[in-house]
Colleague: 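I have a structure I would like to understand better, so I am pasting it below and will then ask my questions one at a time.
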Amino acid sequence: MRDIAIIGVPLDLGAGRRGVDMGPSAIRYAGLRERIAALGYRVRDLGNLAVPLAEQIEPPAADEPLRYLQPIVGVVRDLAQQVRDVISSNTLPIILGGDHSLSIGSVAGVAHNRRIGVIWLDAHGDYNTPETTPSGNIHGMGLAVLTGRGHPMLTGLIGRIPVLRPGDAALVGVRNLDDGERELLRTSGVRVFTMHDIDRRGMAAVMEEAILHVSAGTSGFHLSFDLDVLDPHEAPGVGTPVLGGITYREAHLAMELIAASGRLISLDLVEVNPILDTRNMTALLAVEFALSALGKTIY
């Protein structure tokens, strides 16, 4: 596909993590549209989805296992419909976030009436449920929801449960798991590549296996790229940084292998937090990685 649509989702309804609502603006300011167009793509920026602010909503109880459920359901439902419309015009959507709960909507929209794979690049598993979550934050439940675990208002977003077959998902770069989600992942069917795997085998081997895994029997794959998969020394401006992440070059190699596969059908860039950033460095990295995923090469 040579047509690309950019959709901003300034969603920031995770406790104690304010600032990721400015992620879409930061990535745009870093030149995303212009630099993609320079690669020869036709690019439309569809603006930002309407998203409520936490200040506009009554705060949930401290022990609420699904914080801000209703407003998040509304946002991800609207995003799923917009992504579905974009895909129907043979256009590749790039969704800018915003906290990672938005991927429930982006993946649901891409997966409408077809089987897709998903590569989930993330420091975290995002495989909690209302029963296992220590925080109640839905941004830590996205992959579980998409594979059929969680509240029916989220899992049934497009009327098909699960939206994504667990065996069609690969989680790459994970290094911070809650106890409950670790147990769920072990029996889920999701292919998990931790930082231990990357350290021992190398990024090339891990990504080649992940791409093969999510491509078998699918129409292509969605890439959900949480910038916190990088080490915070490389990408300081993220919502929930965790030491020991992948390097700048490892991230580029992963994107270059994705581009070479020819199987990428949609892309999220999430959790960019300019408040925590240095000179918009993390947003600039997000743009660089998107360009590599779309085919930019060194030579």
Side-chain angles (χ1 to χ4, degrees), residues 9 11 13-15 17 60 63-77 79-80 83 95 97-111 115-194 210 213-214 218 221-226 228-229 239-240 242 266 268 270-271:
V9 187
L11 186 61
L13 294 177
R17 305 170 58 256
D63 59 350
E64 170 58 55
L66 285 159
R67 297 173 61 84
Y68 301 106
L69 174 63
Q70 293 283 354
I72 288 174
V73 168
V75 171
V76 296
R77 183 183 293 121
L79 177 59
V83 168
I95 301 95
D99 79 50
H100 211 163
S101 61
L102 68 85
S103 295
I104 298 169
S106 55
V107 174
V110 177
R115 177 183 170 190
I116 68 164
V118 169
I119 294 179
W120 200 274
L121 272 172
D122 203 323
H124 308 88
D126 292 354
Y127 216 76
N128 273 302
T129 67
E131 294 72 36
T132 66
T133 177
S135 68
N137 291 329
I138 294 173
H139 66 80
M141 305 180 189
L143 187 55
V145 164
L146 290 166
T147 56
R149 299 175 186 259
H151 194 283
M153 288 178 66
L154 293 167
T155 59
L157 199 66
I158 60 172
R160 187 182 82 224
I161 303 174
V163 170
L164 173 70
R165 300 184 190 189
D168 292 336
L171 174 61
V172 178
V174 67
R175 56 191 183 277
N176 189 327
L177 292 171
D178 296 316
D179 291 341
E181 70 177 337
R182 181 184 294 107
E183 295 306 312
L184 288 178
L185 277 168
R186 284 175 175 162
T187 60
S188 67
V190 173
R191 184 71 175 89
V192 179
F193 300 92
T194 68
H213 181 78
V214 302
T218 67
F221 64 82
H222 172 91
L223 172 62
S224 196
F225 193 147
D226 186 328
D228 73 20
V229 74
T240 47
V242 183
S266 49
D268 294 330
V270 303
E271 298 286 352

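Please read these numbers as outputs of a predicted model, since none were measured by experiment. All values below were derived from every heavy atom in this structure, side-chain atoms included, with hydrogens, water molecules and symmetry-related copies excluded.
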Colleague: Tell me every residue that passes side chain to side chain contact (heavy atoms under 4.5 Å, CB included) with A123, counting only those two or more places apart in sequence or in another chain.
Modeller: R175, D228, V242
Colleague: Sequence neighbours left out, what passes side chain to side chain contact (heavy atoms under 4.5 Å, CB included) with V214? Give chain and number order.
Modeller: I119, A170, F221
Colleague: Does any N or O in the side chain of T132 come within less than 3.5 Å of the main-chain N or O of T129, such that one atom is a donor and the other an acceptor?
Modeller: yes
Colleague: Not counting sequence neighbours, which residues clear side chain to side chain donor-acceptor pair (under 3.5 Å) with D126? List them please.
Modeller: H100, W120
Colleague: Using the test ring-ring contact (aromatic ring centres under 6.0 Å, His included), find all partners of F225 that sit at least two apart in sequence or belong to another chain.
Modeller: F289
Colleague: Sequence neighbours excluded, which residues qualify as salt bridge (Lys or Arg N to Asp or Glu O under 4.0 Å) partners of R165?
Modeller: none
Colleague: Kindly write out the residues that satisfy side chain to side chain donor-acceptor pair (under 3.5 Å) with E183, not counting sequence neighbours, or none if the list is empty.
Modeller: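 Scan of E183 (side chain to side chain donor-acceptor pair (under 3.5 Å), adjacent residues dropped) gives R186.
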Colleague: For Q70, check side chain to side chain donor-acceptor pair (under 3.5 Å) against everything at least two apart and list the hits.
Modeller: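 Testing Q70 for side chain to side chain donor-acceptor pair (under 3.5 Å), a comparison that skips the adjacent residues, returns none.
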Colleague: Got a second to check how far L177's CG is from L184's CG, nearest 0.5 Å?
Modeller: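 Those atoms lie 10.5 Å apart.
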Colleague: Suppose we screen for side chain to side chain donor-acceptor pair (under 3.5 Å). Which residues come up paired with R182, at least two apart in sequence or across chains?
Modeller: D179
Colleague: Got a sec, which residues hit side chain to side chain contact (heavy atoms under 4.5 Å, CB included) with T155, two or more places apart in sequence or on another chain?
Modeller: V145, P152, I161
Colleague: Locate the shortest heavy-atom distance separating L146 from S103; write the atom from each residue and the value.
Modeller: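 Scanning both residues completely, I find the closest heavy atoms to be CD1-O, 3.9 Å.
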Colleague: So, using side chain to side chain contact (heavy atoms under 4.5 Å, CB included) as the criterion, who are the partners of T218 when residues are at least two apart?
Modeller: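 Listed in chain order: R115, D168, R263.
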